[in-house]
Amino acid sequence: MGGVAWLLVPGAPPQQQQPWEGVRKMDWAGVLTSSTAVVFLLIPISGGGAYFPWDSPMVISMLVIGVLSGSFTGSNQTDPNSNPTVEIFQNPVITIMLAQSFLMGAVYQSYLYYLPLYLQNARRYSVLESAAFTASLVAAQMVFSVAGGQYIARTKRYGEVIWFGFGSWTLGACLTLLYTATTPAGEADGVVVDGVLEASR
């Protein structure tokens with residue numbers, strides 16, 4: 001399939017460039033500071049209070065270094081001279097779409113991280129059993145993503161998809177607040193409702 005697409009889709013011949021030209025164009029300072037910010041923030045946030053005391057010197061120093069690195073990365077990336085893609089954010093519609101995608105992705109990735117921890121630690125489920133719960137979430141995401149795309153393509157309407165997707169997403173997120181150490185398996189699997197978040201994208 002890829003070979004057929006390569007033969008049928010017209011394209012310009014690749015431009016000749018030196019092997020190290022792309023390497024020199026990389027924002028190495030941004031890569032270093034952003035990676036430092038991610039690592040030094042995720043470790044204390046995910047382990048603080050459970051594995052490390054919040055008032056420990058390690059947690060405090062990692063948080064400070066992570067915040068400073070993230071601030072440097074943000075200030076460097078907002079300079080149009082060093083980052084031409086900043087012009088994208090001058091369009092308010094694109095900015096809102098990127099912001100909602102970022103926020104929804106943050107919540108969804110949190111589910112993928114914390115749901116297995118809840119099932120394995122609080123409910124004492126096995127790895128396979130917790131994976132089955134996550135699979136139902138991903139399966140619902142896949143089904144509603146395809147259905148939402150087909151609906152938009154056939155009807156040229158997307159308002160209903162957005163309202164349904166965000167409504168279901170909010171409902172599923174609120175239902176997870178009811179989870180306890182004795183929540184029945186069927187009720188816990190209600191998180192599958194969150195899979196329709198993809199319908200609103």
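Source: prediction; values computed, not measured.
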Leu128 with Leu119, same ILVMFWY side-chain cluster at under 4.5 Å: no

Joint cluster assignment, Leu103 & Leu112, ILVMFWY side-chain distance < 4.5 Å: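 Leu103 and Leu112: separate clusters.
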
Are [X] and [Y] packed together at the side-chain level, in the sense that at least one heavy-atom pair is separated by less than 4.5 angstrom?
X: Gln120; Y: Val127; result: yes
X: Ser46; Y: Tyr113; result: yes
X: Phe102; Y: Leu98; result: no
X: Phe144; Y: Phe164; result: yes

What distance do [X] atom [atom1] and [Y] atom [atom2] have between them, rounded to the nearest 0.5 Å?
X: Tyr151; Y: Glu160; atom1: OH; atom2: CD; value: 3.5 Å
X: Ser130; Y: Asn121; atom1: OG; atom2: CG; value: 9.5 Å
X: Ile45; Y: Phe52; atom1: CD1; atom2: CZ; value: 12.5 Å
X: Leu32; Y: Ser69; atom1: CG; atom2: OG; value: 7.5 Å

Heavy-atom closest contact (Thr134 atom, Pro116 atom, distance): OG1-CG, 4.0 Å

Can you give the donor-acceptor pairs under 3.5 Å from side chains of residues 59-68 to other protein atoms, not counting sequence neighbours?
residue	atom	partner	partner atom	Å
Ser61	OG	Pro57	O	2.8
Ser61	OG	Met58	O	2.9

Side chains of Thr33 and Thr73, donor plus acceptor under 3.5 Å: yes

Donor-acceptor side-chain pairing of Gln150 and Arg154 below 3.5 angstrom: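 Side-chain D/A pair, Gln150 to Arg154: present.
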
Those residues that, when tested against Gln109, pass side-chain hydrogen bond (donor to acceptor under 3.5 Å, both in side chains) (two or more places apart):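 Scan of Gln109 (side-chain hydrogen bond (donor to acceptor under 3.5 Å, both in side chains), adjacent residues dropped) gives none.
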
Other residues, nucleotides, ligands: >12 heavy atoms within 6.0 Å of Tyr158 OH: no

